[in-house]
Protein chains: 4
Amino acid sequence: MPREVRERQMLDAAVGAFARHGYQAASMDDIAEAAGVSKPLVYLYLKSKEELFTACVRREVGALIAAVREGTRERDIPADEQLWNGLRAFFAHTAARPDGVTVLYRARTQGEPFAREVAAMRVEVVSIVTLLLGQAAKDAGCDGELAEREVSGLAHALVGAAESLAEWSNARTDDAPSAKETAATLMNFCWAGLENLMKGHRWMPAPRVH
Amino acid sequence: MPREVRERQMLDAAVGAFARHGYQAASMDDIAEAAGVSKPLVYLYLKSKEELFTACVRREVGALIAAVREGTRERDIPADEQLWNGLRAFFAHTAARPDGVTVLYRARTQGEPFAREVAAMRVEVVSIVTLLLGQAAKDAGCDGELAEREVSGLAHALVGAAESLAEWSNARTDDAPSAKETAATLMNFCWAGLENLMKGHRWMPAPRVH
Amino acid sequence: MPREVRERQMLDAAVGAFARHGYQAASMDDIAEAAGVSKPLVYLYLKSKEELFTACVRREVGALIAAVREGTRERDIPADEQLWNGLRAFFAHTAARPDGVTVLYRARTQGEPFAREVAAMRVEVVSIVTLLLGQAAKDAGCDGELAEREVSGLAHALVGAAESLAEWSNARTDDAPSAKETAATLMNFCWAGLENLMKGHRWMPAPRVH
Amino acid sequence: MPREVRERQMLDAAVGAFARHGYQAASMDDIAEAAGVSKPLVYLYLKSKEELFTACVRREVGALIAAVREGTRERDIPADEQLWNGLRAFFAHTAARPDGVTVLYRARTQGEPFAREVAAMRVEVVSIVTLLLGQAAKDAGCDGELAEREVSGLAHALVGAAESLAEWSNARTDDAPSAKETAATLMNFCWAGLENLMKGHRWMPAPRVH
DNA sequence: GATGAATGAGAGTTCATTCAT
DNA sequence: GATGAATGAACTCTCATTCAT
């Protein structure tokens, strides 16, 4: 059996195990058994548990980024539609590969070697979002009055909201909302606010959206 | 030294260790040393690693809930101001007790005994938010056309956005935004959208906020 | 509360615990709690676990020896009647104080400090039996042709049989035989053989008891 | 080195350690060292201390039963000769494998998982003896007037006497009696009594064997 | 006389990892 | 290319034992 195939089997098994039990609790024994190979072979191909986990994370990062990039390929449509497309791609992906997403989620709390990898991915996603927001601002005829820091904050808020929604929607065993519905919920939640901001309207403590 | 004091020392040390290394990677030896006591004493007072972690989680859950409840004590002001107050309280808390919040964050990925505890807390926070949204709808003269599921989704989105922003803002070592600023960012991000929804306006794929 | 009383309480609790769980598995915590005192007090009175166990063993050894001596007080009756009396006393004692006897039983497998104590007791019991056998031989008009080693062997066989019967009879929860019945069983089992031996009759491989 | 060999080495080492120190006091470290392997290997092959002990007990139970069965293979000879053969086999075994027998002895006081195993063995041995007694009764032309309970008691007495004699004879470092001698002692001790019982003669408190 | 507070030492168990074949 | 055999290191947890009060 060719090496690549074996290697993918191992990664599949590892992703499953890591998703179910976490990095520490998943044992190399279990993974090797689940992959249908002997433990030394796992070490031969993937060096160590740390590298194995890293490989899993990288693969899932790549898959998620690819899905989102694929969803936002069209560039000459309004920014909100682009965001809408990206969100649908994101939620479709999280629904299709729950184990992979769980691994990423867990990797964020596993300290340096791994968290960085996921953080880098987030940066990439955030940059995609940031571009969209920039374009949206231009569409809205606004002159870029938004501080970079504020944009960064907004992007993180959006990503956090998306992650939370993905988890919530995948947790429902019955009657789970479709990717489309979830994306719509999030668009409804955020777009009006973002649009206002582009136009320079702000919510203020002595309140009035205006 | 009286038992209560020692016990708090241990919890403090444990929260620190769990926040830094995670549940599995933090060793009881380390925790005992950090608390300045011997390991058997930790076991005498807190029974097991699992119960120790549970105690940490419970304490931090209680502290966070208390902070948010305290922030939203005023009830006869507009819903958006109440939300604003709650968010400031939340961000102030996450800034003041980063380790405690990290423990809660990590507990979410640690399986049944712990995740449930945090999930219960989230439910409580979500219910607070839900009440606010309900009041906001009434304030807006809307006739409650929002499906329960949609409200739940919105609340989860809001909470996720808040968590993500808290993490992002605490991660900045220099020039970290204040709780007030972060809360403002989030209000700007979401309030206009929520307000529109209360009025029955929706974002639609062939787009126009209207 | 006077020291002696406290001390007896502790010994009672210890005997119970050691009987139930064995020397190693019974913990000083349990014993102190069962005795209704604090652990340091146990150490104050009885020095260490080893000395505590030793004290238990000694007390129970003394009680058993006393019971058997009491049963065989009458000296000017036929040897078989004396043995009969001793056995009844023995079985009555094992039935009345099962925990104490169990402790002795367990002490035999606990290595040097303890096993010696019980061995000494066995020697004493054996010597009582040996005296009886000697008298029986004289009664039978035999001229003491029995080698000392053989007598010792017989005595150990008798004691072993008695112990085994005691255990068997105490194990029956319903319909347990009385001390008298058990003693009768043993007398029936052994006396004819002993009597024959006294007279110089032996069982022989090309067999005939004669 | 093949697994079976290693496994036997471990069992040998474990039997030695358990015999010398008892179940609780023998440590897995010691056993592993005595077996010339590392501790994890012991766990890999034998799962846990409990299972290791169980395996020892089972092996020794099997060996002892096999020895006795082998000794009593001949069935068409008088019952006393059969008993004589069985006893010689028993004493030869206890002399040849003192550690194994000690383990069985200790297992009797180690509570449920283990005691049952040994109890089952005793039942088997007792049943062998019981059959012999039954045949002896027939040989003696007796009409089976012995109550089942009494036979059971006699069998336990015989087994206890044998155990006690085995211990006593093995304890002698110099000049230990041979299996033959010990068996002869026991036959002399018991056979006349048993024979009398078969014929309906009993020892009576106002005494006379008749 | 009696105890709440505390610990050193060591138990069983598991895991990531590596050879020799 | 693939594996059965083997281990060093570390972990959770318990216990007999002792102070300071």
Side-chain angles (χ1 to χ4, degrees), chain A residues 1-3 6 23-32 36-53, chain B residues 1-7 10 23-33 35-53, chain C residues 1-3 6 23-32 36-53, chain D residues 1-7 10 23-33 35-53:
Chain A
M1 182 170 305
R3 172 162 182 154
R6 274 261 196 264
Y23 174 61
Q24 318 255 3
S27 85
M28 294 297 269
D29 277 277
D30 298 346
I31 293 171
V37 300
S38 74
K39 231 184 332 173
L41 197 56
V42 178
Y43 278 90
L44 186 63
Y45 283 4
L46 287 139
K47 296 296 221 182
S48 74
K49 195 185 193 184
E50 199 167 314
E51 291 204 23
L52 171 56
F53 191 55
Chain B
M1 182 166 305
R3 174 167 182 151
E4 279 177 43
V5 178
R6 275 273 192 253
E7 210 162 319
M10 291 179 198
Y23 175 61
Q24 319 251 7
S27 86
M28 293 298 268
D29 276 279
D30 297 346
I31 292 172
E33 190 178 357
V37 299
S38 70
K39 224 182 343 170
L41 198 58
V42 179
Y43 279 92
L44 186 61
Y45 284 0
L46 286 139
K47 305 294 197 197
S48 72
K49 195 184 193 184
E50 196 166 317
E51 289 204 24
L52 171 56
F53 191 53
Chain C
M1 180 170 306
R3 172 162 183 154
R6 276 259 195 263
Y23 175 61
Q24 318 255 2
S27 85
M28 294 298 269
D29 278 275
D30 298 346
I31 292 170
V37 300
S38 74
K39 231 184 334 175
L41 198 56
V42 178
Y43 278 90
L44 186 63
Y45 284 4
L46 286 139
K47 295 297 220 182
S48 73
K49 193 185 193 184
E50 199 167 314
E51 289 203 23
L52 171 55
F53 191 54
Chain D
M1 183 167 302
R3 173 165 184 152
E4 277 177 45
V5 178
R6 275 273 192 251
E7 210 162 319
M10 290 179 198
Y23 175 62
Q24 320 251 5
S27 86
M28 293 299 268
D29 276 281
D30 298 345
I31 293 171
E33 190 177 357
V37 299
S38 71
K39 225 180 347 168
L41 198 59
V42 178
Y43 278 91
L44 186 61
Y45 285 1
L46 287 140
K47 305 292 198 198
S48 72
K49 196 185 193 184
E50 198 168 316
E51 289 204 24
L52 171 56
F53 192 54

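To find a chain, count down the sequence lines: A is the first, B the second, and so on, and within it residues start at 1. Computed from a predicted structure; not experimentally measured.
Here the C1' atom of nucleotide F:dC13 and the NZ atom of B:K49 are 12 Å apart, to the nearest Å. Note: CG (A:L46) to C1' (F:dA2) measures 15 Å, nearest angstrom. Rounded to whole Å, the distance from CD on D:E7 to P on F:dG4 is 16 Å.
When all heavy atoms are compared, the tightest approach of B:A32 to B:S38 is CB-C, 3.9 Å. In this structure, D:V37 and D:M10 approach most closely via the heavy-atom pair CG2-CE, 4.0 Å.
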Check: DNA chain F in dot-bracket, Watson-Crick or G-U pairs under 3.5 Å, [ ] crossing, | other strand?
Finding: .||||||||||||||||||||
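Between C:E50 and B:S48, the one whose closest nucleotide on DNA chain F sits nearer the 5' end is B:S48.
Residues that satisfy the salt bridge (charged side-chain N to carboxylate O under 4.0 Å, His left out) test with B:E7, not counting sequence neighbours, are B:R3. Under the side-chain hydrogen bond (donor to acceptor under 3.5 Å, both in side chains) criterion, B:S48 pairs with no residue, sequence neighbours left out. Considering only residues two or more places apart in sequence or on other chains, D:R6 meets the side-chain hydrogen bond (donor to acceptor under 3.5 Å, both in side chains) condition with D:Q9. By the salt bridge (charged side-chain N to carboxylate O under 4.0 Å, His left out) test, D:D29 is found to be paired with D:K39, residues two or more places apart in sequence or in another chain being considered. For A:S27, the side-chain hydrogen bond (donor to acceptor under 3.5 Å, both in side chains) criterion is met by A:D30, not counting sequence neighbours.
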Next item on the list: Please step through side chain to side chain contact (heavy atoms under 4.5 Å, CB included) for the pair C:Y23 and C:E50, ending with a clear verdict.
Entry: CA-CA 9 Å; C:Y23 175 61; C:E50 199 167 314; 3.9 Å; yes
Next item on the list: Evaluate the criterion side chain to side chain contact (heavy atoms under 4.5 Å, CB included) for residue pair B:Y43 and B:M28; output intermediate values, then yes/no.
Entry: CA-CA 9 Å; B:Y43 279 92; B:M28 293 298 268; 3.4 Å; yes
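For CD of B:E33, the number of neighbouring non-hydrogen atoms (other residues, nucleotides, ligands) closer than 6.0 Å is 12 at most.
Residue B:Y43 has a polar side-chain atom (N or O) positioned under 4.0 Å from OP1 or OP2 of F:dC13.
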Protein and nucleotides 5-8 of chain E: nitrogen or oxygen contacts under 3.5 angstrom:
{"unit_1": "E:dA6", "atom_1": "OP1", "unit_2": "B:R6", "atom_2": "NE", "d": "2.8"}
{"unit_1": "E:dA6", "atom_1": "OP1", "unit_2": "B:R6", "atom_2": "NH2", "d": "3.3"}
{"unit_1": "E:dA6", "atom_1": "OP2", "unit_2": "B:Y45", "atom_2": "OH", "d": "3.0"}
{"unit_1": "E:dT7", "atom_1": "OP2", "unit_2": "B:S38", "atom_2": "N", "d": "2.9"}
{"unit_1": "E:dT7", "atom_1": "OP2", "unit_2": "B:S38", "atom_2": "OG", "d": "2.9"}
{"unit_1": "E:dT7", "atom_1": "O5'", "unit_2": "B:S38", "atom_2": "OG", "d": "3.3"}

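Heavy-atom distances under 4.0 Å link DNA chain F to B:A26, B:S27, B:M28, B:D29 of residues 23-31 of chain B, given in residue order.
In this structure, B:K49 and B:I31 have side chains that are not in contact, with every pair of non-hydrogen atoms separated by 4.5 Å or more.
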